[in-house]
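To keep things clear, I will list the structure first and then write my remarks on it.
Start at 1 and go down the list; that is how both ligands and their atoms are numbered. Predicted, not measured: the structure shown is a model, and the values here were computed from it.
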Amino acid sequence: MREFDCIDSIGVVGAGTMGNGIAQVAATAGYDVIMHDIEQDIVDHGYETVEDSLSRLVSKEAMTESEADDIRDRITGTTEFDDLCGCDFAIEAAVEDMDIKQDIFEDLDETVDDEVVLATNTSTLSITTIASATERAELVVGMHFMNPVPLMKGVEVVVGEKTTADVVSLAHDLAECFGKETWTSDDKPGFVSNRILMPWINEGIRAYDEGVASMQDIDRGMKLGTNVPMGPLELADHIGLDVCLDATETLYEELGDRYKPAYLLKRKVATGDLGKKTEAGFYRYD
Ligand SMILES: NC(=O)c1ccc[n+]([C@@H]2O[C@H](COP(=O)([O-])OP(=O)(O)OC[C@H]3O[C@@H](n4cnc5c(N)ncnc54)[C@H](O)[C@@H]3O)[C@@H](O)[C@H]2O)c1
């Protein structure tokens with residue numbers, strides 16, 4: 001296994017909501033980052049998101065302009081998968097689809113050195129099944145960052161069937177070095193966080209669809225009533241409705257009826273209203 005002290009560069013697969021956030025926190029911790037996605041405009045958009053986020057931190061005086069420049073310089077965007085070959089640790093944050101993740105892990109297995117640990121940011125998919133696409137299942141681990149990555153403190157470290165204890169501790173150490181706090185979950189559907197969060201969001205959508213209250217009152221009721229920062233519909237828009245649907249469908253498949261996705265969630269995703277990232281979900285953001 002490539003040890004913590006020997007890690008200089010981090011490969012990030014996927015430059016979307018989570019991938020660019022992971023690239024930012026890794027570069028902020030001093031690592032060189034190669035951020036890969038399938039199209040140049042997606043890579044560019046990921047890079048711009050990091051730039052915007054750093055500019056906000058500079059304007060709040062949370063870092064200097066020169067620190068922000070150094071962080072930007074440490075991130076290289078690419079559409080060439082082979083550019084990941086020199087990385088010392090890889091984190092996959094591509095779409096929540098088992099076939100795509102297995103293809104990526106097969107490619108990573110062939111591309112990066114044999115001792116490099118491969119982490120996935122999956123929200124609900126089995127680490128063990130993803131790892132089975134590689135010849136190094138013992139070096140595959142879940143590192144489930146929370147959204148938005150630069151702001152949220154938590155990272156859930158998920159232990160696959162074959163993940164070794166050293167790899168689990170490396171994932172905790174690296175997340176802590178990124179400024180995060182961690183907990184461990186076994187590789188069971190939804191892990192700790194989404195097993196509990198997704199049915200909460202899903203029930204909020206059902207309550208709205210069944211006319212219990214307006215969207216605003218459902219969100220307001222949960223915020224004022226339970227002291228959470230966002231209500232279920234607002235949070236669903238923030239996460240991405242497609243991400244919520246994928247996660248809920250996995251939980252439904254694995255754990256049965258109590259996780260059946262709300263009809264309205266499926267209808268919104270079908271129309272392409274995916275939340276903040278498409279400027280419309282339950283609320284509008286234009
Ligand atoms: N959005 C959240 O709140 C959240 C939170 C925690 C974990 N996650 C998980 O993180 C992962 C990414 O989610 P996201 O919200 O960033 O999604 P996203 O749709 O914003 O980004 C996914 C990116 O993956 C890219 N991609 C697709 N196929 C690829 C491939 N073969 N190679 C490289 N890149 C590819 C897409 O082009 C896209 O840019 C998912 O597994 C999701 O479940 C999401």
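The contact set between ligand 1 and Ile104, taken as ligand atoms under 4.0 Å from a residue heavy atom, comprises 30 (C), 31 (N), 32 (N). Of all the atoms in ligand 1, the ones that sit under 4.0 Å from a non-hydrogen atom of Ser123 are 6 (C), 7 (C), 8 (N), 9 (C), 42 (C), 43 (O), 44 (C).
Of the protein's non-hydrogen atoms, the one nearest atom 27 (C) of ligand 1 is Val95 CG2, 3.8 Å. When only non-hydrogen protein atoms are considered, atom 37 (O) of ligand 1 lies nearest to Asp37 OD1, 2.7 Å.
Around atom CD of Glu161, no more than 12 heavy atoms belonging to other residues, nucleotides or ligands sit under 6.0 Å away.
Only side-chain heavy atoms of His144 come within less than 4.0 Å of ligand 1; its backbone N, CA, C and O stay farther off. If you look at Lys101 next to ligand 1, the close heavy atoms, those under 4.0 Å, all belong to the side chain. The proximity of Asn121 to ligand 1, defined as any non-hydrogen pair under 4.0 Å, involves the side chain as well as the backbone. Contacts between Ile42 and ligand 1, counted as non-hydrogen atom pairs separated by less than 4.0 Å, involve the side chain only. Residue-level proximity to ligand 1 for Glu39 is absent, since no heavy atom of it falls below 4.0 angstrom.
Residues Ile7 and Leu170 form a side-chain contact, since some pair of their non-hydrogen atoms from C-beta on lies under 4.5 Å apart. Looking at heavy atoms from C-beta onward, Met230 lies in side-chain contact with His238 at the 4.5 angstrom threshold.
Distances between N or O atoms of Val243 and those of ligand 1 include no value under 3.5 Å. For ligand 1, the polar-atom distance check finds an N/O of Ala94 within less than 3.5 Å of one of the ligand's N/O atoms. Any N or O atom pair closer than 3.5 Å counts here, and Thr17 shares at least one such pair with ligand 1. Among the atoms of Thr122, none of the N or O lies under 3.5 angstrom from an N or O of ligand 1.
Under the ring-ring contact (aromatic ring centres under 6.0 Å, His included) criterion, the residue pairs touching residues 12-60 are Tyr31-Phe178, His36-Phe81, with sequence neighbours excluded.
Residue contacts with ligand 1: Gly240 is excluded, as none of its non-hydrogen atoms falls under 4.0 Å.
Side-chain N or O atoms of Asp37 include one that pairs as donor or acceptor with a backbone N or O of Ala15 at under 3.5 Å. Side chain of Gln102 to main chain of Thr129: a donor-acceptor pair is present (N/O by atom type, distance under 3.5 Å, no hydrogens or angles).
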